[in-house]
Amino acid sequence: MEKKKDLLEKGALVQRDGQTYAIVPHIPGGLCTPEMLRKIADVSDKYNAAAIKLTSASRVAIVGLQEEDLDNVWKDLELSPGAAVGLCVRSIKFCPGTTFCKLGKQDAVGLGMKLDELYHGTKMPSKFKIGVSGCRNACAESWIKDLGLVGEKKGWKVLAGGKAASQPTIGSLIADGLDTDETLALIGRIVERYQQHPKAVRLGVVIEEVGLEQFKKDVGAA
């Protein structure tokens, strides 16, 4: 039997069996309602999904769907696909921050939702992941994201160039003690600078190529 291919226009990724698909609805930050979870469960039952997987990026993957069911699955879910693959902003992971967590120093939920609204799915030279943590515990893994934010009492710490992957890299400190508006403005300049890069490499490679101090000057942080 011929192995099937990803159907990116349907937000569907072929699985290990080469025949069935997984989809990842877009649920910003993993924040959802009981009604949404019930619908995901009901739709998964209706179309005989093999599994529901809670992913490391705070997303919900419905695994083991048949190709002929994909259109109806999306229709029944009434959700849009998440940017699970491709050269784009894949995910904005954020912790509970001051909205829910007693340890939070900054509003990770508010900033994370704003970044999701601005950048989720935005085309980039390579894949791009964002982590927003409301305190130094960095529960959103901010230090190993292309763009990481860490909340401190005095404001936001902005990191860039981190990644996990096969050769893990800790992000470099770009700026510290910024308020939310200053942070959003700096992120905009970092994104714009990265989008100008002609090669399909992660942001950390760009920073290595130009040098950290030059990169900070390029984005107005030095």
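- In the displayed structure, Q19 atom CD is contacted under 6.0 Å by more than 12 heavy atoms of other residues, nucleotides or ligands.
- Both V201 and V210 are members of a single hydrophobic cluster when ILVMFWY side chains are connected at heavy-atom separations under 4.5 Å.
- Using a 4.5 Å heavy-atom threshold, the side chains of V191 and M124 count as touching.
- Heavy atoms from other residues, nucleotides or ligands lying under 6.0 Å from NZ of K114 number 12 at most.
- I92 and M113 fall within a single hydrophobic cluster, where Ile, Leu, Val, Met, Phe, Trp and Tyr side chains are chained together by heavy-atom contacts under 4.5 Å.
- Minimum heavy-atom separation, C88 to G121: CB-O, 3.6 Å.
- Taking a cutoff of 4.0 Å between a charged side-chain nitrogen and a carboxylate oxygen, D69 and K46 do not qualify as a salt bridge.
- A heavy-atom distance below 4.5 Å is not found between the side chains of V158 and V150.
- L147 contributes atom CG, which lies 7.5 Å from atom CG of L115 (distance to the nearest 0.5 angstrom).
- Atom CD of Q167 has 12 or fewer heavy atoms from other residues, nucleotides or ligands within 6.0 Å.
- S133 places no side-chain N or O within 3.5 Å of a backbone atom of C135 that could act as its donor or acceptor partner.
- Of all heavy-atom pairs between S91 and R59, the closest is CB-NH1, 3.9 Å.
- Counting only heavy atoms from C-beta outward, the side chains of R90 and H120 never approach each other to under 4.5 Å.
- The distance from atom CD of Q106 to atom OG1 of T99, rounded to the nearest 0.5 Å, is 11.5 Å.
- Linking ILVMFWY side-chain heavy atoms closer than 4.5 Å, directly or via other members, places L186 and L159 in two distinct hydrophobic clusters.
- Residues L7, V14, Y21, I23, I27, M36, I40, V43, Y47, I52, L54, V60, I62, L65, L70, V73, W74, L79 make up the rest of the hydrophobic cluster containing L77, defined by ILVMFWY side-chain heavy atoms closer than 4.5 Å, directly or through other members.
- Annotation: the span from I130 atom CD1 to D116 atom CG amounts to 8.5 Å, rounded to 0.5 Å.
- Considering only heavy atoms from C-beta on, V132 comes within 4.5 Å of W156 through its side chain.
- Atoms CG and CG, from L184 and L178 in turn, are 10.5 Å apart once rounded to the nearest 0.5 Å.
- Expressed to the nearest 0.5 Å, how far CG of L13 lies from CG of D6 amounts to 5.0 Å.
- A salt bridge is defined here as a Lys NZ or Arg NE, NH1 or NH2 lying under 4.0 Å from an Asp or Glu carboxylate O, and R202 with D146 meets this definition.
- Atom-to-atom distance recorded for K3:NZ and Q15:CD is 10.0 Å, nearest 0.5 angstrom.
- Judged by distance alone, the side chain of D17 and the main-chain N or O of T20 form a donor-acceptor pair under 3.5 Å.
- Placement of I174 and L118 within a single hydrophobic cluster is found when ILVMFWY residues are connected by side-chain heavy-atom separations under 4.5 Å, directly or transitively.
- With hydrogens and angles disregarded, a donor-acceptor distance shorter than 3.5 Å links the side chain of D179 to the backbone of D181.
- Under the 4.0 Å criterion applied to side-chain N and carboxylate O atoms, E152 and K157 are assigned as salt-bridge partners.
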Steps toward side chain to side chain contact (heavy atoms under 4.5 Å, CB included) verdict (L111, F94): CA-CA 9 Å; L111 182 54; F94 51 87; over 6 Å; no
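- Both I190 and L212 belong to a common hydrophobic cluster when Ile, Leu, Val, Met, Phe, Trp and Tyr are linked at side-chain heavy-atom distances under 4.5 angstrom.
- Counting only N and O atoms by type, the side chains of T169 and K163 include a donor and acceptor under 3.5 Å apart.
- Looking at every heavy atom in both residues, C95 comes nearest to G134 through SG-N, 3.0 Å.
- No donor-acceptor pair closer than 3.5 Å links the side chain of K129 to the backbone N or O of I144.
- For A61 against T55, the heavy-atom pair with the smallest separation is CB-CG2, 4.0 Å.
- Side-chain N or O atoms of S126 include none that pairs as donor or acceptor with a backbone N or O of L87 at under 3.5 Å.
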Residues K10, E67; criterion salt bridge (Lys or Arg N to Asp or Glu O under 4.0 Å); working and verdict: CA-CA 10 Å; K10 296 180 184 290; E67 181 177 354; over 6 Å; no
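- Applying the side chain to side chain donor-acceptor pair (under 3.5 Å) rule to R189 yields no partners; only residues at least two apart in sequence or on another chain are considered.
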Step-by-step salt bridge (Lys or Arg N to Asp or Glu O under 4.0 Å) determination, K39 to E35: CA-CA 6 Å; K39 182 173 288 188; E35 290 76 17; over 6 Å; no
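- The aromatic ring centroids of F128 and Y119 lie 6.0 Å or more from each other.
- Applying the ring-ring contact (aromatic ring centres under 6.0 Å, His included) test to F215 and every residue at least two apart in sequence or in another chain returns nothing.
- Remark: side-chain polar atoms of H26 are not paired, donor with acceptor, to backbone N or O of A83 under 3.5 angstrom.
- Side-chain N or O atoms of Q195 include none that pairs as donor or acceptor with a backbone N or O of P125 at under 3.5 Å.
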